[in-house]
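A quick write-up on the structure given underneath.
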Amino acid sequence: MNVLPSNEPTFRQSVDLMFNRAVALMDLPPGLEEKIRVCNATYTVRFGVRLRGKIETFTGYRSVHSEHMEPVKGGIRYAAAVDQDEVEALAALMTYKCALVEAPFGGSKGGLRIDPTQYEEHELELITRRFAYELCKRDLIHPSQNVPAPDMGTGEREMAWIADQYARMNTTDINARACVTGKPLNAGGIAGRVEATGRGVQYALREFFRHPEDVAKAQLSGGLAGKRVIVQGLGNVGYHAARFLSEEDGARVTGIIERDGALFDPEGLDVEAVKDWMVRHGGLAEYPDATHTRDGGAVLTEDCDILIPAALEGVINLTNAHNVQANLIIEAANGPITAGADDILRSRGTVIIPDLFANAGGVTVSYFEWVKNLSHIRFGRMQRRQEEARHQLVVDELERLDTALGDTWNLDPAFKARYLRGADELELVRSGLDDTMRTAYQSMREIWHGRDDVTDLRTAGFIVAIDRVSKSYKAKGL
Ligand code: NAD
């Protein structure tokens, strides 16, 4: 729950308004629009855990937005402000996100109202296991019905506890590990899941910059190299996105905004060094190599080429949308732009790469992890050496021809080493993610450019997603 001006809709209403804008341009059978929009069910649980000599009561939610495909999928968030409205909004976004990137899931989301920084690790384990127990009991965590993943405030550690809790309660379920994704590698996880959402943001931007007409709409030109980027939130998603964009694409991260203010340096910040400082000192204040300001909001509206809100919802709203200077915003967080702010930015021509696409890297790699768990084998295990052997054949033949022709040319050793190496799981995961992000962008783009009545990527993304969900419902006879 973000504190918004009173004239702004809630997060869930914002998602619904964006949905409504898209369905108004579609021709759905009567009544189906309402069926897709509404959240099917939200389970609220209050449970007690004995901590520090007394019983503490916690409130958690698991919301199932749409079961047009099962299992349903969506992260579990730990934050002090979690409420039903937020969880339902996030669950709805999961439905549209999964449809857009063709991950065969319905939409769900969970949340626990807790400030995780106030608890010791062993306390968090007790709380997580108890929350998981409540959800497992009702099949709200289940490999074929409802598969959570990490979100704000949770990560591999919590997912490992959840997987273990499910396994203890379902000792004969051979697919137990598929009950949750985002697990550590040694507990059934997949290579590349931790970086996946930030990596997806990078792949989304790379695809955007492959289309000069799209880049021109954001009043930009050229590629990612040298682009000035401001990131809000240096957590899982923001950190990986900022790191990859600066290290691999030559972008310049000029601003980083966190809870305790922001760092700004027009020459570019060292993302790794800032993250390291943040982990050691609990915030950005007093970071020695850049200017720190307590007013993070001011940096959100600083001049830059690409703004990446990667913290929480509602941060660009009616109070500051007019001041945002970036012409390209990529929503790494869920719902960072309210419906009202979206109207303002669209009317000004700002290009927004929407959340349902931009942060879908997480669920995409979660999908790969779930498939890996169900198939009980690591990706690439069967093919890797066979692929290497076939490449060796080609290299041997080229070298034989070279000898026969009098040793006139040589294969570059660096090329040879790269060509001979078979793909491991991480490479396969990245390749699958890249393909997913490119394909999804192209499906949105086709509608964005192909229809006069669609002027933004968000509406285009919703149209693609809603069309797919409606086809699933029709196939089910609804
Ligand atoms: P996280 O908890 O790892 O990181 C969030 C970061 O934002 C933290 O560093 C926190 O200090 C910072 N933050 C919190 N409030 C802030 C504020 N008011 N101003 C500036 N910074 C603030 O969470 P995450 O997993 O990176 O998730 C971030 C966003 O991305 C959320 O909207 C989440 O729903 C979305 N998302 C996450 C994933 C995933 O795989 N983790 C997938 C899809 C979408």
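As the structure lists them, so they are numbered: ligands from 1, and atoms in each ligand from 1.
- Contact analysis leaves Gly296 out of contact with ligand 1, as no non-hydrogen atom separation drops below 4.0 angstrom.
- Counting heavy atoms under 4.0 Å from ligand 1, residue Lys275 does not touch it at all.
- Of all atoms in ligand 1, numbered sequentially from 1 with element shown, those under 4.0 Å from a heavy atom of Ala311 are 7 (O), 13 (N), 21 (N), 22 (C), 28 (C), 29 (C), 31 (C), 32 (O).
- Checked against a 3.5 angstrom limit, the closest N/O atoms of Asn334 and ligand 1 fall inside it.
- When Arg259, Glu258, His240 are ranked by how near their heavy atoms come to atom 9 (O) of ligand 1, first place goes to Glu258.
- Residue contacts with ligand 1 for Val363 are absent, since no atom lies close enough (heavy atoms, distance under 4.0 Å).
- In the candidate list Gly314, Gly335, Ala310, Ala262, Ala310 is nearest to atom 28 (C) of ligand 1, counting heavy atoms.
- For ligand 1, the polar-atom distance check against Val237 finds a nitrogen or oxygen pair separated by under 3.5 Å.
- Under a 4.0 Å N-O distance rule, the pair Glu195/Arg430 qualifies as a salt bridge.
- Annotation: cation-pi pair Lys217/Trp448 present, NZ/CZ under 6.0 Å from the ring centroid and within 45° of its normal.
- If you look at Ala360 next to ligand 1, there are no close heavy atoms at all, none under 4.0 Å.
- Between Tyr367 and Trp370, the angle of the ring planes lies from 30° to 60°, which puts this pair in the tilted group.
- Between the side chains of Glu313 and Asn334, no donor N or O sits under 3.5 Å from an acceptor N or O.
- Using cut-offs of 30° and 60° for the angle between ring planes, the Phe131 and Tyr78 rings count as tilted.
- The heavy atom nearest to atom 1 (P) of ligand 1, out of those in Asn236, Thr364, Thr181, Leu93, is found in Asn236.
- Atom 36 (N) of ligand 1 has its nearest heavy-atom neighbour, among Ile256, Asp151, Leu312, in Asp151.
- For atom 38 (C) of ligand 1, the nearest protein heavy atom (residue, atom name, distance) is Thr197 OG1, 3.6 Å.
- Of the polar atoms of Lys109, none of the N or O atoms is found under 3.5 Å from an N or O of ligand 1, judged by distance alone.
- In summary, the atoms of ligand 1 found under 4.0 Å from a heavy atom of Ala333, numbered by their order in the structure, are 29 (C), 30 (O), 32 (O).
- Here's the thing with Gly153: one of its N/O atoms is less than 3.5 angstrom from an N/O atom of ligand 1.
- Between the side chain of Arg138 and the backbone N or O of Glu134, at least one donor-acceptor pair lies under 3.5 Å.
- Of the protein's non-hydrogen atoms, Gly235 CA, 3.2 Å is the one closest to atom 4 (O) of ligand 1.
- Here atom 19 (N) of ligand 1 lies nearest to Gln232 when heavy atoms of Met278, Gln232, Met152 are compared.
- For the residues Val299, Asn359, Val201, the heavy atom positioned nearest atom 43 (C) of ligand 1 is part of Asn359.
- For ligand 1 and Arg193, the ligand atoms under 4.0 Å from any heavy atom of the residue are 40 (O).
- With hydrogens and angles left out, the side-chain atoms of Gln442 and Arg445 include no donor and acceptor closer than 3.5 Å.
- Closest of all the heavy-atom pairs between Asp83 and Glu86 is OD1-N, 2.9 Å.
- A donor-acceptor pair shorter than 3.5 Å can be found between the side chains of Arg21 and Thr459.
- For the pair Trp161 and Lys183, the minimum side-chain heavy-atom distance is 4.5 Å or more.
- Judged purely by distance below 3.5 Å, without hydrogens or angles, the side chains of Asp249 and Gln202 pair a donor atom with an acceptor atom.
- Side-chain atoms of Tyr166 and Asp173 form a donor-acceptor pair, as typed in the model, at a separation below 3.5 Å.
- Residue contacts with ligand 1 include Arg77, since one of its heavy atoms falls under 4.0 Å from the ligand.
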